[in-house]
Amino acid sequence: MSLQIYNTLTREKEIFKPINDGKVKMYVCGPTVYNYIHIGNARPIIVFDTVRRYLTYRGYDVQFVSNFTDVDDKLIRAAEELKISVPEVADKFIGAYFDDVDQLNVAKATVNPRVTENMDEIIAFISALIEKGFAYESQGDVYYRTKKFADYGKLSQQPIAELQMGARVLANDLKEDQLDFVLWKSAKPGEIFWESPFGKGRPGWHIECSTLARKYLGDTIDIHAGGQDLIFPHHEDEIAQSEALTGKTFANYWMHNGFLNIDGEKMSKSLGNFITLHDVLKEHDPNVIRFFMLSVHYRRPISLSDVTLNDAENGLMRLRTTYHNLDYRIQSVEDDFSDAEHKDEWLEQLTELKMQFEDEMDDDFNTANAITAFHELSKRANIYLTRDYVSVTVLREFYSMMRLFAEVLGVRLEDTSQVELQDAEIDALILERLQARNERNFARADEIRDLLKEKNIILEDTAHGTRWKRG
Ligand code: AMP
Ligand code: ZN
């Protein structure tokens, strides 16, 4: 089977054909770095890292670009609140971002360009749009002339007339039309700014992705991706900017992941119903998070709860147990009973399972069904392991196929959850618990107590402080 990708642009699954044989140019919209990312934000990160892994597995050389929005209103506000500069806010949360996603086994992007390091290119892009009549200056701002781009609305499949009717009429006489969107914002007094031909200011959000995708990948890219909420207006606006400038198709395949929900609602910063990835990782094995995210097809909603996380954990544990047992048996088996007839049957079964796994991944990266094939592999391995006489070749084949599937999904089968806490880590947690209590943050204090309990550390609060021992 050939690889098929569901393309938001056509609302159909299409056979994937990259621009250049053997190469894939992929751009994923990255985070605005003003805060820790939440576990909903981790979904596109894990999903598109898996897409990249599978493309690599299929033999493609993938160029993967993902930006950091390191200046915008939210960063400016965060800088005021934290009493540090905007670049310091960005550095802090880019650092935090890598700490988190590295644990999730997410491969480093080919490039993670930052907006503030590409200001000249962004300004040049805007100037070119002005020259072509697709943008205009207005009192220090620059706006995109939306109605001039005939294809506007093609990604979100909304005719421009409909958008026009739905547009809120605001008293903003800076714009010629309500559908126009900002490319450059003039700086308010005291705000961070860059010099430009249009005056002191900073870029709007959409222009950075058009500029950075073009700079690092070229006028036309293969895959552009992000969460469903980016379809409109962000990706629609990116298309308008890029295609107006180059006259070429901006991206051939548009991929969008569904939302991660909590209690039936989209997890989002604005709703306040979010849990940071940073906090989730304190309590859960990152491989479980990753396995959980991939347990549902990426376009469907996924619901986060103790039950769903637990299911993922149990599923991964089952695979790990089989993997461990295979390893043990390979090490300890003394005679290789390569009973030829049966051996070939088992090896044939294994080849079929591999094809099944690949077919599922070829079907628009259906990781949910690929995981079912993974469980089937594990089930067959368990059956094989009950035999008294085994062929080491078959065992090895089971073992390496488990590794292969795990590698494509990006989960580790080596169980590290049993690793004991070091003494210094325990001391640090106890200190943190004490501080939490002093700040009357009892929730955090209880959380630490529970974590230590889980690791079998017994706490004793005495008049001379807290003592601990291993249970
Ligand atoms: P934001 O910080 O809101 O710009 O989001 C960064 C990325 O995370 C974008 O690709 C969003 O579409 C995606 N995203 C945000 N919230 C969720 C969610 N609850 N579920 C899945 N993806 C999300
Ligand atoms: Zn973008």
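Note that ligands are numbered from 1 as they come in the structure, with each ligand's atoms numbered from 1 the same way.
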The atom name of the N, O or S atom in Glu238 nearest to the Zn ion (ligand 2) is OE2

Glu358 bridged to Arg58 by N-O distance under 4.0 Å | no

Does the shortest distance from the Zn ion (ligand 2) to an N/O/S atom of Cys209 fall below 2.8 Å?
-> yes

Going by an N to O cut-off under 4.0 Å, is there a salt bridge joining Lys185 and Asp141?
-> no

Kindly compute the distance separating OG (Ser156) from CG (Leu163), expressed to the nearest 0.5 Å.
-> 6.0 Å

To atom 22 (N) of ligand 1, the nearest of Gly40, Gly30, Gly227 on a heavy-atom basis is Gly40

Distance in Å, Thr32 OG1 paired with Asn67 CG, rounded so as to fall on 0.5 Å steps | 8.0 Å

Flag the pair Asp177 and Lys148 as a salt bridge only when some basic side-chain nitrogen lies within less than 4.0 angstrom of an acidic carboxylate oxygen.
-> no

Answer yes when Arg299 and Asp364 have at least one side-chain N-carboxylate O distance shorter than 4.0 Å, and no when they do not.
-> yes

Arg403 and Glu414 ion-paired at < 4.0 Å = yes

Is there any N or O on Leu260 that sits under 3.5 Å from an N or O of ligand 1?
-> yes

Looking only at distances, please establish whether an N/O atom of ligand 1 is found under 3.5 Å from an N/O atom of Gln228.
-> no

Answer yes or no for His206: is there an N/O/S atom below the 2.8 Å cut-off from the Zn ion (ligand 2)?
-> no

Backbone, side chain, both or neither: what part of Thr32 comes under 4.0 angstrom of ligand 1, heavy atoms only?
-> neither

Are there protein heavy-atom neighbours of atom 14 (N) of ligand 1 below 4.0 Å?
-> yes

For ligand 1, note which part of His38 has a heavy atom under 4.0 Å away: side chain, backbone, both or neither.
-> side chain

